[in-house]
There are 2 protein chains.
Amino acid sequence: MTFDQLKTFLWVAKLGIIRRAADEMNLSQPAVSARIYALESELGVQLFTRQKTGVVLTKEGLLLRSHAEKIESYMELIKSELTPDEEVKGIIRIGVAETVAQSWLSDFLTALRKIYPKLVIELSVDITINLREQLLSRNLDLAFLMGPLTEGNVENIPLPKFKLNWFCSVNETSPDPSTSPIFSFSRLSRPYQDLVFELMQRYGSAGQIFPSNSLSTSFEMIASGIGIGALPAQLAHRFINDKRIKTFDPGWIPKDMLFTASYLNDPRSEITHQTAILAEKIATQNAAMIAAPANKTL
Amino acid sequence: MTFDQLKTFLWVAKLGIIRRAADEMNLSQPAVSARIYALESELGVQLFTRQKTGVVLTKEGLLLRSHAEKIESYMELIKSELTPDEEVKGIIRIGVAETVAQSWLSDFLTALRKIYPKLVIELSVDITINLREQLLSRNLDLAFLMGPLTEGNVENIPLPKFKLNWFCSVNETSPDPSTSPIFSFSRLSRPYQDLVFELMQRYGSAGQIFPSNSLSTSFEMIASGIGIGALPAQLAHRFINDKRIKTFDPGWIPKDMLFTASYLNDPRSEITHQTAILAEKIATQNAAMIAAPANKTL
DNA sequence: AGAGGTTACGGGCAGCGTAAGGATC
DNA sequence: GATCCTTACGCTGCCCGTAACCTCT
């Protein structure tokens, strides 16, 4: 009975399909089958019933799972407690919403690389709905997105919220959300949908909204007077300092954007967990630092 | 990090000498060294400090040990809960005191073979002091001896006691412990020493005592009138039924013989534990069965 | 035809044992 | 010399991937 066999068993038990477990573990499907067979033969017990649709745990399999999970968690504990941080190897695939990418991501990556210099970081910046999908299909280990995700096996760590504010070109004299074109987030994003909802509530109709998945583009457009925008206050300071855009107050602001650091806790990876914790720490520091000098720029 | 590495690590940690761990695990000494090195290199931590006298755990090693022990115990749990008894393989080396060998051992072995038909049983019958030594040096897995053993890492399960009684030839008219030669156990055994002590206390001197490590020989000698004996009541019934020996009452009987099923709980083997439990059960049943019809034979 | 699992088979490498080497008493 | 660990090296056998096969929808 090897540890690899147990880990394989847990993946198969979780996914219910040998083929998929093989993909997940970067193994060929026969290799996974063989490991399960070896385990069953060594224990002298059938662990799964083979069905056309996949495999299902037997009651002996259920028993094994509970113990195997304990063993795996101790293994993780050993790795995380004993491996010096600077020796931690591996790869972590992180998905990031653009707002985060534009704010504290670089601070976070700097800190992460300092702690785990040998850890390979694979970034992908995308909108929350895509990040969610990638995370759930295990193509990401960790995502900073507009959460929380309510799936059962997702761990969500709250991150500092982003306040939205209204922006327009400095040349604009009478910006009005009920008439001006509004730059907002991607059509599938929550802020976009919240915005539409608010506009309908307040003005009876939503005027023209330009969804964009590039925040800097949106700010550029606003600066050039094409429209106004309901965008993260924190990301506007460069344009404001350059006196290209300004804020205005139509009497209300859209809801805050709530972010979380989310990850599957399947086979709970201690590194992923630690990384999420670090993100929360860096983001909070960043928010505090912004808050102080922000008074004079906003 | 493989399970074999962890198990090896635990043995080395326990014994403090790589060479000894290698012997214990039936591996070459370099193989054990290599496993430890592999583990240290994977964790990026030194687990032992090498010294002339052997190896000593570092503080990281101590940390690992606690987790590794948990993992090992779960592994044992898996094996014992999931392997159907009739599939249990392996070898168990059992040491038996002669009194046990002559009483319930055969019942016990029958029951054990029925439960674990594929388990290889290696028996050795010897006196308690030798069994103790063999057990502590790990040449036995389990011993039924006059316990308990007070070493820290020994588990003792109490077994039914054996009452001693006085026996003499049926032709003997005036048997007397203070004058007749007495057949007893081996000179190094507790009953022998207790007997000497009692004789000194009661008669001021101990007459001739014939120590013997063969109970059946002792009974034969008694039957032939060479002397009397203070021997286990339970083992005499054949000679009594044949009307070759009889009991007599000099007004006192030697102390009971206390037995235990004892085993090291180093890396606690679940099979050894279960076997000890079985022995206790069979021995108790046997004692009860003897007690009932014994009334008419004794 | 596609999605699931099993069987067959050749090759790579992890890990073992043997043997020699070094350090310390 | 005895004891204990390390290094060197060749070999074995496990286990993986490829490929072909089976079964069901």
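Chain naming here is simple, since letters A, B, ... match the order of the sequence lines and numbering starts at 1 in each. In this text the structure is predicted, and so the values were computed from the model without any measurement.
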request  = Between protein and nucleotides 20-25 of chain D, map the contacts as a letter string: B base, S sugar-phosphate only, - none, heavy atoms under 4.0 Å, written 5' to 3'.
outcome  = ----S-
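Residue pairs meeting the ring-ring contact (aromatic ring centres under 6.0 Å, His included) criterion with at least one partner in residues 12-50 of chain B, sequence neighbours excluded, are B:Phe9-B:Phe48. Sorted by first and then second residue, the salt bridge (Lys or Arg N to Asp or Glu O under 4.0 Å) pairs with a member in residues 50-65 of chain B read B:Glu40-B:Arg50; sequence neighbours excluded. Within the structure, salt bridge (Lys or Arg N to Asp or Glu O under 4.0 Å) contacts touching residues 144-154 of chain A (residues at least two apart or in different chains) are A:Arg132-A:Glu151. Sorted by first then second residue, the salt bridge (Lys or Arg N to Asp or Glu O under 4.0 Å) pairs that include residues 82-93 of chain A, not counting sequence neighbours, are A:Glu87-A:Lys118, A:Arg93-A:Asp141. Residue pairs satisfying the ring-ring contact (aromatic ring centres under 6.0 Å, His included) criterion with at least one member in residues 129-151 of chain B, sequence neighbours excluded, are listed as follows: B:Trp104-B:Phe144, B:Phe108-B:Phe144.
As a whole-Å value, the separation of B:Arg50 CZ from D:dT7 C1' is 14 Å. In this structure, CG of B:Leu15 is placed 12 Å from P of D:dC4, rounded to the nearest angstrom. Here C:dG5 presents its P atom at 11 Å from CG of A:Asp23, a figure rounded to the nearest Å. Separating the CZ atom of A:Arg20 from the P atom of C:dG4 is a distance of 6 Å, rounded to the nearest angstrom. Rounded to an integer number of Å, the gap from B:Ile17 CD1 to D:dT6 C1' is 17 Å. At whole-Å resolution of the value, CD in B:Gln46 and P in D:dC5 are 14 Å apart.
Listed by chain and residue number, nothing satisfies the side-chain contact (heavy atoms from CB on, under 4.5 Å) test with B:Ser41 (two or more places apart in sequence, or in another chain). Every residue two or more places apart in sequence or in another chain that forms a side-chain contact (heavy atoms from CB on, under 4.5 Å) with B:Val196 is listed here: B:Tyr192, B:Met200, B:Ala206, B:Ile209. The side-chain contact (heavy atoms from CB on, under 4.5 Å) test applied to A:Asp126 returns A:Asn130, A:Leu131, not counting sequence neighbours. Take A:Ile17 and apply the side-chain contact (heavy atoms from CB on, under 4.5 Å) test, not counting sequence neighbours, and it matches A:Arg19, A:Arg20.
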message = Before you tell me yes or no, could you show the steps for A:Glu81 and B:His67 under side chain to side chain contact (heavy atoms under 4.5 Å, CB included), namely the whole-Å CA-CA distance, both residues' side-chain angles and the distance that decides it to 0.1 Å?
response = CA-CA 10 Å; A:Glu81 285 188 6; B:His67 293 142; 2.9 Å; yes
Identify the pairs formed between an N or O of the protein and an N or O of nucleotides 13-16 of chain C at a distance under 3.5 Å, and give each distance.
| residue | atom | partner | partner atom | Å |
| --- | --- | --- | --- | --- |
| C:dC16 | OP1 | B:Arg35 | NE | 2.9 |
| C:dC16 | OP1 | B:Arg35 | NH2 | 2.7 |

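Side-chain proximity of B:Arg19 to the nucleotides D:dT6, D:dC5, C:dG5 is greatest for D:dC5.
Between A:Ser33 and the phosphate of C:dT6, there is a side-chain N or O to OP1/OP2 separation shorter than 4.0 Å.
Taking the C1' atoms of five terminal pairs at each end of the helix from C:dA1-D:dT25 to C:dC25-D:dG1, the two resulting helix axes are inclined by 10°, rounded to 10°.
Counting heavy atoms from C-beta outward, A:Ile94 and A:Glu122 have side chains that stay 4.5 Å or more apart.
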